[in-house]
Amino acid sequence: MQTQPQASHFVDGQYLEDTAGDLIEVIYPATGEIIAKVHAATPAVIEAAIASGLRAQKEWAALSGTERGRVLRRAADIIRDRNHDLSVLETYDTGKPYSETICADATSAADALEYFGGLAGSLTGEHVQMGENWGYTIREPLGLCVGIGAWNYPTQIACWKGAPALACGNAMIFKPSETTPLSALKVAEILVEAGAPAGLFNVVQGMGAVGASLVTDPRVAKVSLTGSVGTGRKVYAAAAESIKHVTMELGGKSPLVIFDDADVEAAVGGAILGNFYSTGQVCSNGTRVFVQKGIKEAFLKRLSERLATAVIGDPMDEATNFGPMVSKRQRDIVLSYIEKGKAEGARLVAGGSAIEGNGFYIQPTVFADVTDDMTIAREEIFGPVMSVLDFDTEEEVIPRANDTEMGLSAGVFTRDLTRAHRVISQFEAGSCFINSYNDAPVELPFGGSGLSGVGRENSKAAINYYSQLKSVFVRMGEVESPF
Ligand code: NDP
């Protein structure tokens, strides 16, 4: 697998290089080795991306929805055919184990392209009759959209943003995280191969400054960011200068509530999925695991037993199911939170240390007896650190679960159906789970409330964030005017 891309950027249907841009070294998290080098976009690259995006958007919007959808579905098929190679690249880019990337990254990107490709032909406005007069709405694209991605799901994020944007007749410029710049280039390449006009989906590299210059450009109609709350504040404010449309997919500190009557095995599985998949680098993770006191010992015992079977190691080995953190920086951030957990009196029941070697490995870590005020229960850690908190009653746990300014996700494990729905209805969160955790099918909206963001990705709901309605009133009779 070749990791060095043909050039840093993909603009106007081809790879583009400008070595005047700052050098970005791509590091394989499992070994610390430099595996590729790209350059940040210069103003000339950004201008080429904007100019070709504007041109391609007009050409693309002139096609029928069915024609646009066909291109997206063809891209989905190509991605599925190349899933192995794309998954290997994603593993180099992120360090996530191949056993994960083969089933959760390119495949999820293909799902988005297939779903929105299927929807493109049925996007319509509506007819409204008002007596003899009537009106209609036209669903129009927004224009040139900018997508800015985080480093945990580079291929998926590019397509969760790109697929609905393109289905609606927009063009997109996508800026991946500087930490994981490789996979999105392949998405751009495949879209052209599938028949997308040159310039429709451009990828430019760079740090926050490149993202900022795209966000502030008056020719850009919409910005969709996946990133931290802090970056979200900056990007939202910058977009507000020219009243741009925004989607903000930001961080979380989500609760997972496990009642005494839950199936222990299922609840432990949910807690593992919601804390350790992708080495804990998932925005919607249920990192505050509230466990009712009657089930606590059984839960912790099975959790420890199952954690001991985690296969930590070479991400390319198909048996590995727990890889390194994406970067040394992120590993150090997580280690500092682990130290805070210890210092503030949480009881360490598993892990708690980095793993020796050149890679950025850290042990899957569990703290028990965590209280609501501890730093590890309040701040997003974005790593494999689970906090287990005790509770007695349903009435007590709901306000505690909701006691965060973020509101991305929430989950409940119980065998009592009525309670499950009652609890879910009280959660202040956008994406919720009953007897499961972290499922994100393209058919369901995904997004948060509170500081976790605005807007929704996936599902028919995403269409509203990549299109706008023009309404037309048609008078059939005389116009009555006052003079
Ligand atoms: P960051 O917020 O650091 O960065 C996100 C992206 O924004 C990067 O591409 C970054 O570029 C770019 N950026 C940074 N500053 C600016 C700016 N001023 N203007 C425009 N763009 C800018 O997030 P991470 O990459 O560290 O990702 C982790 C965060 O993402 C976590 O908080 C996580 O919860 C959240 N996330 C949310 C998801 C959701 O759907 N709700 C899903 C996945 C992650 P660069 O990094 O190259 O400087």
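Heads up: numbering here begins at 1 and tracks the sequence. When a ligand or atom number is given, it counts from 1 through the structure's own listing order.
- Side-chain contact check for T42 and D18: at least one donor-acceptor pair (N or O, by modelled atom type) lies under 3.5 Å.
- Taking the ring axis of Y465 as reference, the NZ or CZ atom of K222 does not stay both within 45° of it and closer than 6.0 Å to the ring centre.
- Counted within 6.0 Å of CD on Q4, heavy atoms from surrounding residues, nucleotides or ligands total more than 12; the atom is thus considered enclosed.
- Residue-environment remark: OH (Y15) exceeds the threshold of 12 foreign heavy atoms within 6.0 Å.
- For Y153, the side-chain hydrogen bond (donor to acceptor under 3.5 Å, both in side chains) test picks out S278, with sequence neighbours left out.
- To the nearest 0.5 Å, atom CZ of residue R233 and atom CG of residue L451 are 5.5 Å apart.
- Using a 4.0 Å heavy-atom criterion, the residues that approach ligand 1 are I148, G149, A150, W151, N152, K175, P176, S177, E178, G206, M207, G208, G211, A212, L225, T226, G227, S228, T231, K234, V235, E249, L250, G251, C283, E380, F382, L408, F446.
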